[in-house]
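So the structure is just underneath, and the comments pick up after that.
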There are 2 protein chains.
Amino acid sequence: METIVESSGLPADAFSAKCPTRQVLDHIAGKWTILVVDALLEGTMRYTDLSRRIEGVSQKMLTQTLRSLEGDGFITRTVHPTIPPRVDYELTALGRSLAEPITALRRWTEDHINEIEQARSRARD
Amino acid sequence: METIVESSGLPADAFSAKCPTRQVLDHIAGKWTILVVDALLEGTMRYTDLSRRIEGVSQKMLTQTLRSLEGDGFITRTVHPTIPPRVDYELTALGRSLAEPITALRRWTEDHINEIEQARSRARD
DNA sequence: CAGTATCCGGGCTGATACTG
DNA sequence: CAGTATCAGCCCGGATACTG
């Protein structure tokens, strides 16, 4: 089945430069996005939970990624007005839906890492 | 089932900063990679075929992406020594395997673009 | 705790020109 | 046809310092 983009009336097609699908693909196709969405599948998490779960992510990139995911409707951000503050991040229904293909991609990479490393060492010859 | 990374002896884990899975995820998670791999599912293609199929890609980025995919063992590059030259690009078995989760991600984005655009317009309020 | 603000280098990216 | 080479701008991304 073909999806018609409501804003343009044209079929959704990532190969077309004008299709909004392109920008969304750009957002999704960042390594931090994949890891954040995947991490939130484990349940609601606070900011520090996420930064611990995702090794090597800087405060800046984590915040930036969370804001982008929130803007696209993939996660919700809940601020509890306490001292110290507490902020919970959680996947929306749309976000949980996105998590399926994203998890598949992460798993595939983990499962095939040895084959890839072998191809790489061969390519260096 | 858990994959053990042969080069380190540790389990493959994209959440770990040191795992080579991270760099591969970085390569895969580029918009051009997704589109090139997806396009090559339609069959062997020449350089110009790809540049026509993938609207908006520059020569530089297409070449760069093809070289990266070749280095990771996802595609083969075959040069026919004719005049004018002819170069064919084709997915390897590993590349066809990767294409599955990648296509799923592109399709998901195309299928949910309207929901995402609605979330975006709501976020702008 | 959960960020924001700022700086800065490096690499992505596009445009243009050129080549076997 | 299938690239390479070069330039220039901008954004990615990390490090550091600071705040309600």
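First the proteins, then the strands, lettered A, B, ... as listed; each starts at 1.
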For this session: Hey, which sits more toward the 5' end of DNA chain D by its nearest nucleotide, B:Arg52 or B:Asp26?
Result: B:Arg52
Problem set entry | Stacked cation flag A:Arg46 on A:Tyr89, 6.0 angstrom / 45 deg | no
Problem set entry | Nearest-0.5 Å distance, CD of residue B:Glu6 to CD of residue A:Glu115 | 9.5 Å
Problem set entry | d(CD, A:Glu70; P, C:dA2) in whole Å | 15 Å
For this session: Sort and list the pairs that fulfil side-chain hydrogen bond (donor to acceptor under 3.5 Å, both in side chains) and have at least one residue in residues 16-27 of chain B, not counting sequence neighbours.
Result: A:Lys31-B:Asp26, B:His27-B:Asp72
For this session: Respond yes when some side-chain nitrogen or oxygen of A:Tyr89 is under 4.0 Å from OP1 or OP2 of C:dG3, and no when none is.
Result: yes
Exercise. Checking A:Thr33 side chain against A:Ala29 main chain: does a donor-acceptor pair fall under 3.5 Å?
Worked result: no
For this session: Could you tell me whether the side chain of A:Arg96 and the main chain of A:Leu91 form a donor-acceptor pair under 3.5 Å?
Result: yes
For this session: Indicate for each nucleotide in nucleotides 4-20 of chain C, in 5' to 3' sequence, whether protein heavy atoms under 4.0 Å reach the base (B), only the sugar-phosphate (S), or nothing (-).
Result: B--B-----BB--B--B
Problem set entry | Interatomic distance where CG belongs to B:Asp88 and P belongs to D:dC1 [whole Å] | 14 Å
Seminar exercise, completed: Output for pair (B:Ile102 CD1, A:Trp108 CH2), nearest 0.5 Å, gives 8.0 Å
Exercise. Do other residues, nucleotides or ligands put more than 12 heavy atoms under 6.0 Å from the CZ atom of A:Arg107?
Worked result: no
Problem set entry | side-chain N/O A:Arg46 vs C:dA2 OP1/OP2, d < 4.0 Å | yes
For this session: Give a yes or no on whether a salt bridge exists between A:Arg77 and A:Glu90, defined as a side-chain N under 4.0 angstrom from a carboxylate O.
Result: no
Exercise. Once you round it to whole Å, what is the distance between P of D:dG3 and CG of B:Leu62?
Worked result: 8 Å
Seminar exercise, completed: d(B:Ser68 OG, B:Trp32 CH2) to nearest 0.5 Å is 14.5 Å
Exercise. For B:Asp49 and D:dA2, what is the distance between atoms CG and P respectively, to the nearest whole Å?
Worked result: 7 Å
For this session: Can you tell me which stems involve DNA chain C, if a stem is defined as three or more consecutive Watson-Crick or G-U wobble pairs, both distances under 3.5 Å?
Result: C:1-20 with D:1-20
Exercise. Rounded to whole angstroms, how far apart are CD on A:Glu55 and C1' on D:dG13?
Worked result: 18 Å
